[in-house]
Amino acid sequence: MDVNNLIATAKNISDVAPQAYSDIIQPPAQNIGKALGTVTELLNTFLTPVEIINKAVSIKKEKFLIEYENKINSIPKDKLCPPNFAIIAPMVDHLKYKITEDELRQKYAKLISEASNSDSLTKPLLSFDNILDQLSPYEIELLALLFSSESDQIYPLASITKTSKIGYNIIHENISNVSFKDFKWDTISIMLSNFERVGIIRIDHTQFIHPKEERYSYITNSDLYLKIKAECDQMRADTNLSYPESSINEYMFCLTEFGKSFVETVIL
C-alpha cells in the first residue's frame with residue numbers, strides 16, 4: 001500500500017472510529033431511548049382523542065411514562081433490548097382504557113417494560129396482557145395480598161352445602177384468614193372464580209390441607225354453619241325425612257404454573 005492510500009485509510013478509520021466507539025459503549029442507553037420513544041408514540045396515537053375530552057388523561061400519561069422509564073432502568077443493562085412493536089402495541093391499546101386507574105397503570109408499566117427484557121421474551125406476554133385486561137384494580141390487590149410473599153402458597157377453600165330432595169346448593173364459600181377491604185365473602189368468592197376462569201389459580205376439589213380440623217375450623221365453627229346445621233336438624237326432626245342436610249366440603253386452591261409466571265412478571 002502506498003503512502004497516499006495509507007493516509008486515506010487512516011483518515012477513514014479516524015472518521016468512523018468515534019461513531020463506532022459510541023455504538024459499542026452506548027447500546028443500553030440507545031435501547032432505553034428506543035423503548036421510551038416507541039411507547040410514547042403509541043400512547044400519543046391512542047390517547048390523543050381521549051385527551052381532548054379528558055384532561056386528566058394527560059396527567060396520568062405523564063405518570064405512566066415516568067413509571068415505565070423507572071421499570072426500564074431497573075432491567076439489567078445486558079438484558080435490555082428494543083421492544084417488539086407487535087407485542088407492545090396491543091398492550092398500549094388496552095392501557096388507554098385503564099390509564100386513570102393507578103393500580104392497573106402501574107402493572108401495565110411493568111408488563112410493557114418486560115417486552116424490553118430479553119429474559120422475558122419467551123414468556124407469554126400477550127397472554128398476560130389479555131389477563132390483565134380482564135382484572136379489576138381490586139383483583140390485582142387481592143392477588144398481591146395472597147401471593148406476594150410466596151407464589152407456591154396453598155390456601156384452604158371450603159363451602160357449606162345444603163342438600164334437599166332435588167339436589168344441593170352451595171350456600172357459602174370462603175377462604176380463611178383473609179381480610180380484604182371489608183369485602184363480604186361472596187365478593188371474594190367471585191374474584192376467586194374469575195381467577196380460576198382466566199387460568200391464574202387452580203381450585204382442587206379433590207384435595208384438602210392437613211391438619212384438616214385446624215385449617216378448616218374457620219368454617220366448621222362459624223356462626224353461619226352452626227345456624228344452618230341447627231335449622232336442618234330441626235326440619236328433619238319435624239318431618240322425619242332424611243333431608244335437608246348440611247355439610248362442609250373442604251378443598252384448596254393455588255396458582256397454576258401460568259399464574260405463577262403472571263404474578264411474578266406483572267404483580268410483584
Side-chain angles (χ1 to χ4, degrees), residues 101 103-104 107 130-260 262-263 266-268:
E101 293 286 345
E103 192 70 32
L104 288 170
K107 301 313 177 189
N130 288 328
I131 299 301
L132 189 55
D133 189 46
Q134 298 178 69
L135 298 180
S136 70
Y138 290 131
E139 288 171 315
I140 294 294
E141 291 184 65
L142 180 58
L143 268 181
L145 174 66
L146 293 174
F147 299 106
S148 60
S149 60
E150 183 183 356
S151 61
D152 289 328
Q153 178 71 46
I154 299 174
Y155 285 95
L157 184 63
S159 62
I160 300 173
T161 300
K162 185 176 181 180
T163 305
S164 64
K165 182 178 180 179
I166 59 175
Y168 68 90
N169 293 317
I170 294 179
I171 299 177
H172 175 93
E173 182 179 62
N174 205 356
I175 55 181
S176 67
N177 300 324
V178 175
S179 176
F180 181 62
K181 294 186 176 297
D182 296 323
F183 284 167
K184 295 181 179 179
W185 63 266
D186 53 345
T187 302
I188 295 179
S189 180
I190 291 170
M191 291 181 177
L192 293 177
S193 295
N194 193 36
F195 294 159
E196 183 184 33
R197 179 187 68 85
V198 298
I200 296 175
I201 67 170
R202 174 175 62 89
I203 298 178
D204 191 336
H205 293 269
T206 66
Q207 302 287 333
F208 57 84
I209 302 175
H210 295 281
K212 184 175 180 181
E213 293 76 12
E214 176 183 331
R215 297 305 299 274
Y216 297 91
S217 61
Y218 70 94
I219 196 164
T220 56
N221 297 330
S222 67
D223 291 340
L224 178 61
Y225 174 66
L226 295 175
K227 177 183 176 182
I228 293 172
K229 184 178 184 302
E231 290 174 351
C232 291
D233 292 346
Q234 186 62 52
M235 292 180 69
R236 289 200 312 276
D238 293 343
T239 61
N240 291 320
L241 297 174
S242 60
Y243 56 85
E245 180 68 73
S246 62
S247 60
I248 292 176
N249 297 313
E250 299 97 348
Y251 36 104
M252 49 162 274
F253 73 93
C254 59
L255 288 173
T256 62
E257 289 304 312
F258 174 83
K260 289 180 185 179
F262 174 80
V263 167
V266 179
I267 303 299
L268 302 183

Quiz item: Any side-chain heavy atom of Thr187 within less than 4.5 Å of one from Met191?
Solution: yes
Quiz item: Below 4.5 Å, heavy atoms only, C-beta onward: do Lys181 and Glu141 meet side chain to side chain?
Solution: yes
Quiz item: Of the non-hydrogen atoms in Ile267 and Lys107, which two are nearest, and what is the gap between them?
Solution: O-NZ, 2.9 Å
Quiz item: Arg197 and Gln134: side-chain contact (heavy atoms from CB on, under 4.5 Å), yes or no, with the steps?
Solution: CA-CA 10 Å; Arg197 179 187 68 85; Gln134 298 178 69; 3.0 Å; yes
Quiz prompt | Residue pair Phe253 / Leu157: nearest heavy atoms and the distance that separates them | solution = CD2-CB, 4.0 Å
Quiz item: For Asp223, does the CG atom sit with more than 12 other heavy atoms under 6.0 Å from it, leaving out its own atoms?
Solution: no
Quiz item: Is there a side-chain contact between Leu135 and Phe262 (heavy atoms, below 4.5 Å)?
Solution: yes
Practice problem: List the steps and the verdict of side-chain contact (heavy atoms from CB on, under 4.5 Å) for Tyr155 and Ile201. | Solution: CA-CA 11 Å; Tyr155 285 95; Ile201 67 170; over 6 Å; no
Self-check item: Nearest heavy atoms of Ile175 and Pro156, plus distance in Å
Solution: CG2-O, 3.5 Å
Quiz item: Hey, what do you get for CZ (Phe180) to CG (Leu142), rounding to the nearest 0.5 Å?
Solution: 5.0 Å
Practice problem: Give a yes or no on whether the backbone of Ile248 and the side-chain of Tyr216 come within a donor-acceptor separation of less than 3.5 Å. | Solution: no
Practice problem: Looking only at non-hydrogen atoms, find the nearest pair between Lys165 and Tyr243 and report the distance. | Solution: CD-OH, 3.3 Å
Quiz item: Near Lys260 NZ, under 6.0 Å, is it more than 12 heavy atoms from other residues, nucleotides or ligands?
Solution: yes
Self-check item: Closest non-hydrogen atom pair between Gly199 and Phe258, with its separation
Solution: O-CD2, 3.7 Å
Quiz prompt | Minimum side-chain heavy-atom gap Glu250-Ile219 below 4.5 Å | solution = no
Quiz prompt | Exam field: side chain Arg236 to backbone Pro244, donor-acceptor pair closer than 3.5 Å | solution = yes
Self-check item: Closest non-hydrogen atom pair between Leu268 and Ser148, with its separation
Solution: CD2-CA, 3.4 Å
Quiz item: For atom OH of Tyr251, is the number of surrounding heavy atoms from other residues, nucleotides or ligands below 6.0 Å larger than 12?
Solution: yes
Quiz item: Are side-chain heavy atoms of Asn194 and Ile200 found at a separation under 4.5 Å?
Solution: no
Self-check item: Pair Glu231 + Lys162, salt bridge at N-O below 4.0 Å
Solution: no
Quiz item: Can you find a heavy atom in the side chain of Phe183 that is under 4.5 Å from one in the side chain of Tyr138?
Solution: yes
